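These notes are about the structure you will find just below.
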Amino acid sequence: MSKNESNQKPTNFIHQIIEDDIQNNVHGGDVVMRFPPEPNGYLHIGHAKAICLNFGTAEKYKGICHLRFDDTNPEKESQEYIDSIISDINWLGYQWTGEIRYTSSYFDQLYSWAKHLISEGHAYVCDLSAETAREYRGGFNQPGTDSPFRNRSVEENLSLFERMKNGEFKEGACSLRAKIDMNAANMNLRDPMLYRILHTSHHQTGDKWCIYPNYDFAHGQSDSIEGVTHSLCTLEFEDHRPLYDWFIENLPVPSKPKQYEFSRLELNYTITSKRKLKQLVDDQVVTGWNDPRLPTISGLRRRGYTAASLRHFCDMIGVTRSNGIVDMGMLEAAIRDDLDSTVPRAMCVTRPLKVTLTNMEAGVEEWFELPAHPKDESMGTRRVGLTRNLLIEQEDFVEVKPPAKNKHEKWKRLALGDAVRLRGAYVITCNEVIKDATGEIIELLCTYDPATKGSNPEGYKPNGVIHWVSEELSLPCEVRLYDRLFTEANPDGDKERNFMDCLNPDSLVVLPDARVEVGLKDAPAETRYQFERTGYFCIDKDSNADKLVINRTVTLRDSWAKAKN
RNA sequence: AGGGGUAUAGCCAAGCGGUAAGGCAACGGGUUUUGAUCCCGUCAUGCGUAGGUUCAAAUCCUGCUACCCCUACCA
């Protein structure tokens with residue numbers, strides 16, 4: 001689809017609004033977006049949705065998009081998070097316009113606007129404690145009560161606010177509040193807090209400030225300073241929109257941005273709550289923010305997901321205002337779709353079973369030149385070596401074939417007395433099974449048919465095709481099999497049970513004795529492959545000169561596994 | 001004295017008064033030296049529910065119901 005065609009029709013309700021605005025010359029026809037993360041954790045798949053929406057919308061309508069760190073709470077934020085967020089956005093393939101913005105760099109302007117509000121009689125310094133203020137606020141069914149400090153004079157408020165800024169009060173001693181309506185049905189309008197005292201140094205502004213604006217007082221005005229036209233956020237901020245607008249109307253701001261809300265992304269069998277993700281990291285349930293089991297951008301990246309697949313996934317799920325839980329299968333479909341056409345094939349035996357080719361001389365090597373991709377010749381070829389001693393997958397052999405009632409249940413692998421094709425090489429027949437004292441199969445004695453290189457055998461038919469490696473001409477590797485982190489589809493949603501109680505004990509299975517074809521030698525971290533018949537894999541950064549470490553991104557679709565169930 | 005939202009297939013989602021797109025999943029079939037990919041086909045007389053308006057309603061109106069969000073000096 002050409003860029004022009006993709007612009008033919010709006011893809012979601014936000015785009016409809018923007019197209020109407022452009023049509024009607026609202027905001028002078030400009031489209032200025034922004035992605036405003038708080039640097040208090042790593043970005044996850046839900047943020048990817050917001051990133052694609054904001055940056056993608058700017059691209060689509062030839063507008064611009066800022067990156068702004070919404071850093072008004074120094075107690076929970078850090079430079080580490082800032083760095084990770086920058087890296088994740090770049091990796092996803094987006095570039096913000098101009099410098100990185102920080103809400104904290106608007107603190108002077110915000111402070112002066114707070115004084116403006118006070119001067120207009122729209123804000124006051126309140127000495128109520130947080131707890132008392134909560135009581136005064138009332139409830140959903142009770143009106144609030146005016147603070148006893150609500151009618152302080154402008155002069156007194158100005159003086160008190162300056163003293164707050166100068167550090168004359170302890171944390172919690174007082175706060176600046178907007179004077180709106182303690183009877184408002186919308187709780188956000190019951191004289192919301194604007195500034196609190198926090199004797200905490202800030203990762204960007206150091207010790208310059210001991211009062212910090214909160215989200216509501218900072219966000220819309222920051223949007224306005226940057227000339228943001230369409231300020232997108234998630235549904236839970238919908239009730240804040242009247243407040244957002246109230247500040248824009250009551251302050252001499254340079255532009256009038258509009259807030260629009262869309263629904264958060266929820267994915268089943270995982271969590272997308274920064275607080276809970278942080279708990280998994282802090283409690284060492286996972287190895288870090290980039291653990292491949294986490295739905296963080298860095299975790300998905302380490303798992304083997306591509307940026308393109310994440311962007312495609314975001315296109316697939318759309319943008320609406322209805323709450324839903326997207327099936328993890330959609331994410332998997334997105335990565336399979338990408339990797340199938342872009343990634344070279346290789347063979348890896350994850351749980352090896354020894355096979356001896358009795359009619360092949362020891363010490364002889366035969367090399368096969370196999371295509372890197374079955375449909376894309378431009379990807380070239382790879383060399384795979386065959387010797388007398390082979391390794392095949394344990395689950396690719398049975399002594400006696402299981403009965404098959406239909407073609408889906410047919411055994412298409414090796415069996416005693418049967419033949420099977422070694423992928424890209426010869427057809428072999430299993431003549432004898434060797435077991436140890438416990439009865440476990442430890443070796444297969446087979447013969448290969450020299451006439452079957454590149455052509456079908458005469459007089460008999462192999463069951464199917466299996467993958468293999470030579471024992472000598474292969475590399476040792478550790479394969480890490482990942483599965484869903486939780487056993488429940490909605491670990492977050494059950495109020496009775498804690499999400500920590502439904503962790504999947506098999507979310508990581510380590511296979512230490514896998515072998516992979518020699519072509520993977522020295523492959524750098526993040527190199528991706530399809531291991532034929534097995535799945536998509538990715539070299540992990542834990543690899544070293546002696547041993548590759550390989551993460552399974554996702555299995556291949558497996559109709560055999562389905563037929564068995 | 002409550003306020004704000006959302007309901008279209010198992011999941012996501014188009015639709016904007018003219019007779020239910022698409023994707024994921026599932027299920028059949030074809031191709032295949034990957035049980036993959038690819039290709040073909042099936043999958044809502046129905047749009048939370050009950051009424052109403054209309055020649056015509058998922059779309060407009062009214063009443064119900066279910067679910068989500070809101071009473072942080074977090075964002």
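Each chain gets a letter, A, B and so on, in the order its sequence line appears, and its residues count up from 1. All values derive from a computational prediction rather than experimental measurement.
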Original post:
Can the positive tip of A:Arg484 be found less than 6.0 Å from the middle of the six-membered ring of A:Tyr269, inside 45° of the ring normal?
Top reply: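 Because its charged atom sits under 6.0 Å from the ring centre and within 45° of the axis, A:Arg484 does stack over A:Tyr269.
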
Subject >> Cation over ring face, A:Lys274 and A:Tyr42, 6.0 Å, 45° >> reply: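 Ring-cation test returns no.
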
Go ahead and name the base partner of [N]; Watson-Crick or wobble counts if both distances stay under 3.5 Å, otherwise write none.
N	value
B:U71	none
B:A1	none
B:U19	none
B:C27	B:G41
B:A36	none
B:A50	B:U62

Atom pair distance, as rounded to whole Å: [atom1] in [X] and [atom2] in [N]:
X	N	atom1	atom2	result
A:Asp558	B:A25	CG	P	14 Å
A:Phe368	B:U34	CZ	P	16 Å
A:Lys562	B:G28	NZ	C1'	13 Å

Subject >> Is_stacked (A:Phe140, B:C70) at 5.5 Å, 30 deg >> reply: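 So yes, this residue stacks on that base, both cut-offs being met.
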
Original post:
Can you tell which of A:Phe161, A:Tyr212, A:Phe169 makes a ring pair (Phe, Tyr, Trp, His ring centres under 6.0 Å) with A:Tyr195?
Top reply: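 Of the listed residues A:Phe161, A:Tyr212, A:Phe169, the ring pair (Phe, Tyr, Trp, His ring centres under 6.0 Å) partner of A:Tyr195 is A:Phe161.
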
Original post:
Are side-chain N/O atoms of A:Glu261 and A:Thr234 paired as donor and acceptor at under 3.5 Å?
Top reply: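 The answer is no; no qualifying pair exists.
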
Subject >> A:Glu226 side chain to A:Tyr106 side chain, donor-acceptor N/O pair below 3.5 angstrom >> reply: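 Short answer, yes.
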
Original post:
So which one's nearest nucleotide on RNA chain B is more toward 5', A:Lys407 or A:Tyr536?
Top reply: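 Its nearest nucleotide being more 5', the pick is A:Lys407.
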
Original post:
Starting at the 5' end of RNA chain B and moving along, which residue's nearest nucleotide shows up first, A:Gly318 or A:Asp340?
Top reply: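 It is A:Gly318, whose closest nucleotide lies nearer the 5' terminus.
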
Subject >> base_contact_polar (B:G35 base, A:Arg413 side chain, donor-acceptor, <3.5 Å) >> reply: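 Yes, a donor-acceptor pair under 3.5 Å.
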
Nucleotides 64-66 of chain B: which of its N/O atoms have a protein N/O under 3.5 Å away?
none

Original post:
Donor-acceptor pair, A:Arg528 side chain versus A:Gly304 backbone, under 3.5 Å?
Top reply: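 Yes, the answer is positive, given that a donor and an acceptor are paired below the 3.5 Å cut-off.
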
**OP:** Check whether any side-chain heavy atom of A:Thr553 sits under 4.5 Å from a side-chain heavy atom of A:Tyr305, and report yes or no.
**Re:**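 Yes, close enough: below the 4.5 Å cut-off.
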
